[in-house]
Amino acid sequence: MGKRSACLVALERAGMTPILQLPSGLGFEDLVASIEQLKSKHENACFLLANAPVSFVEALNEFQLEMLQEKLGGSGRLLITTQGTPSKTNRALPVVQASEVPKFALVAAYFELHPADEETVRRIRQVAGAQTGTVSFAVMDTMVAKLQADPEVSDEDLQRVLPGVVTTAALDTWFETERSAREVAALACVATCDGAPRTDLDEQIDILEAKLLGDDATPGFRRTTAAALAAGLVTTTTQPVESRYGGIHDETVYVLEARLEHVQVLEYLWNNEGSGFRKGFLDWLTTLAGRPSELWAGAVKAAGVLLTIDPRYVESTLIGPWAMGDGYWPSVAAAQALGVPTILDLPSDIGLRLADAWIDSGQFDLRFCAIIAYGDLLGAWDVESEAPIRLWLETFAGDHLATVAARRLGMLCAAGDDARLVRLAVLNLLAEVASGRWPGSRREMRQSMWVFGYAVHALTTKDENAADSLRSLLGGQEAEAMGAFVELLARTWSAPYARWATEKTVRDLVRAVEEQRIDRRVLTELIRAAKDAARKFGTLAELGAGLRRALALERRDNPDGVIARRLLDQFFPTS
């Protein structure tokens, strides 16, 4: 977004692909090594180093620039942006395929906390830095200890403690002997729903075992448990579990051993257990996706992972049927699954490509799923996606999906305190349209205020992500987004054709104060800031009239509340 997106658009329009983004914390030597390694795999690659410290750019000398040019070759390009506030955005961007890069920045951060000699740093960088998967500090702890115990240890031995190698080796050993359908079912269930209560998962193991055996009859009582059947891979522990009926209590749960990676366990089973396992496993995931439960999210995550492993088959036999099915929850599960590769940082853009294709299709169900995806995980986590502009265009649809798109576009503003870029994008988009700076009609200006009403509603709901988002927005950490928010308040409250949105935003803000989600002082400051903005626009009288009418309506509709009355007394003492 802003400078970063401008670079990506410039490279894309110049026909330079693939475009690979490098970690911003790289030192010069690591930057050169990253480019050299990635150019060996992607000959025509171009690179973006976003949000690098200004000091890094200032320190580059002529010799270093010549070295970079040599490593890039004749067709390569390296664009560097420095740290700063994101600018107003053009969200109609091409999606740039994510690509794995060496984890040199992670290794550097590790050794800042745990200093070591140069040779140790060099060896760990050599082994861990080039890995495509995530390398945790715990894994690096193990590698460093192994290297310090035996300085002559080979790279191959060090690699054996990496997550993918460890998982594959453990599963190879476990499968050396013939394993029953129940044992495989136990492992698959825990890998899918790790941390689920033991009683719930025991039932699901029975169901999946029957599906793997091709027997649809209800399984009978068994005394064996998953922990015994998947010894060495699955264990039990006690964790606090939040009940949907309120309260938190300790419960025995199944978890994979800490050395195992969930994604790699699913990939191993999918690739090694054959078509019988695949069909039974997908049938089981469909049963979980059909209704909300504690295990629903696990099924969605597994579906998204499988979509990256076998895109054509999983889309045609699982994600597509969920999207086109009759039930609401399977449709939402399909939409959520499209965002799983993004939130897990998996090297696949399949979710983006499917959402892009579905939203342009003529099929209602596929459009619905794409809108939900863009307005949820996919849009909130992938800051280079086209989610805001895609959803904005769908608000003009000729069916009731327009309302779904408007709600989802507003909900992107409440995606969490770390979703600042997409929040800025949405608020800037709405502010541009509401102000008339975006060429359009009065209908579009009204539409922006309609969507803004949904954004305010999403920010003021009883939800942890919404509370974090609102706290971040109002806490002085998002100055530009806050400026757009205040401008939208001023324009919404001033526009005679936005009466519905005015009343909605006032009601939501007042009731958030009543329920102590916002301090009354903060709301008072928002009103003053909106009045200052309206004064600049020359619409102060219109804002006063609209705000007074909305506060009076809220006082009438909510006679037990006191905030609307106090605000009327404060800002309109004669009312």
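Being a predicted model, the structure only gives us computed values, none of them experimental. For the numbers below, each heavy atom of this structure counts, side chains included, while hydrogens, waters and symmetry mates do not.
Considering only heavy atoms from C-beta on, I309 stays 4.5 Å or farther from V314 through its side chain. Within the 4.5 Å cutoff, no side-chain heavy atoms of F175 are placed close to those of N272. Within the 4.5 Å cutoff, the side chain of H262 has heavy atoms near those of the L256 side chain. Counting heavy atoms from C-beta outward, M143 and L147 have side chains that stay 4.5 Å or more apart. Within the 4.5 Å cutoff, the side chain of L307 has no heavy atoms near those of the L318 side chain. Looking at heavy atoms from C-beta onward, L306 lies out of side-chain contact with D310 at the 4.5 angstrom threshold. In this structure the side chain of T192 never reaches within 4.5 angstrom of the side chain of K301, judged on heavy atoms. Using a 4.5 Å cut-off on side-chain heavy atoms (C-beta onward), P388 and V422 make contact.
For the pair G379 and A387, the tightest heavy-atom approach, listed with the atom from each and the gap, is CA-CB, 3.6 Å. What you find for A458 and A414 is that their closest heavy atoms are O-CB, 3.6 Å. In plain terms, the two heavy atoms of L459 and S469 that are nearest each other are CD2-CB, 3.7 Å. Considering all non-hydrogen atoms of both residues, L295 and A196 come closest at CD2-CB, 3.4 Å. The heavy-atom pair separating F277 from W270 by the smallest distance is CE2-N, 4.0 Å. When all heavy atoms of L288 and C193 are compared, the closest pair comes out as CD1-SG, 4.2 Å.
Residues forming a salt bridge (Lys or Arg N to Asp or Glu O under 4.0 Å) with D356 (at least two apart in sequence, or on another chain): R390. By the salt bridge (Lys or Arg N to Asp or Glu O under 4.0 Å) test, E394 is found to be paired with R367, residues two or more places apart in sequence or in another chain being considered. Residues satisfying the ring pair (Phe, Tyr, Trp, His ring centres under 6.0 Å) criterion with W284, sequence neighbours excluded, are F281. By the salt bridge (Lys or Arg N to Asp or Glu O under 4.0 Å) test, E251 is found to be paired with no residue, residues two or more places apart in sequence or in another chain being considered. Evaluation of the salt bridge (Lys or Arg N to Asp or Glu O under 4.0 Å) rule for R77 yields no partner, not counting sequence neighbours. By the side chain to side chain donor-acceptor pair (under 3.5 Å) test, E119 is found to be paired with R122, residues two or more places apart in sequence or in another chain being considered.
Rounding to the nearest 0.5 Å places CG of L187 at 13.0 Å from OH of Y254. A distance of 5.0 Å separates CD of Q336 from CH2 of W296, quoted to the nearest 0.5 Å. Rounded to the nearest 0.5 angstrom, I350 CD1 and R312 CZ are separated by 11.5 Å. One finds the CZ atom of R182 at 5.0 Å from the CD atom of E209 (value rounded to the nearest 0.5 Å). The distance from atom CZ of F368 to atom CH2 of W358, rounded to the nearest 0.5 Å, is 12.0 Å. Distance CZ/R408 to CG/D376: 5.0 Å, rounded to 0.5 Å.
With salt bridges taken as basic N to acidic carboxylate O contacts below 4.0 Å, none links K146 and D150.
A side chain to side chain contact (heavy atoms under 4.5 Å, CB included) with V300 is found for exactly one of L338, L377, V340, namely V340.
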Point to revise | side-chain contact (heavy atoms from CB on, under 4.5 Å) between D200 and Q204, worked out | key: CA-CA 7 Å; D200 291 347; Q204 296 303 322; 5.7 Å; no

Exercise for review: Report the C-alpha separation of Y268 and W174 in whole Å, then their side-chain angles, then the decisive distance to 0.1 Å, and conclude whether the side-chain contact (heavy atoms from CB on, under 4.5 Å) test is met.
Suggested key: CA-CA 12 Å; Y268 186 99; W174 195 69; over 6 Å; no

Practice item. Please step through side-chain contact (heavy atoms from CB on, under 4.5 Å) for the pair L366 and L354, ending with a clear verdict. Key: CA-CA 10 Å; L366 292 182; L354 281 177; over 6 Å; no

Exercise for review: I would like to know whether E267 and V305 meet side-chain contact (heavy atoms from CB on, under 4.5 Å); could you show each step before the answer?
Suggested key: CA-CA 8 Å; E267 183 174 4; V305 169; 5.9 Å; no

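Side-chain contact check for R420 and S472: at least one donor-acceptor pair (N or O, by modelled atom type) lies under 3.5 Å.
No donor-acceptor pair under 3.5 Å is formed between the side chain of K71 and the backbone N or O of A33. Side-chain atoms of R123 never come within 3.5 Å of backbone atoms of V144 as a donor-acceptor pair (strictly under, hydrogens ignored).
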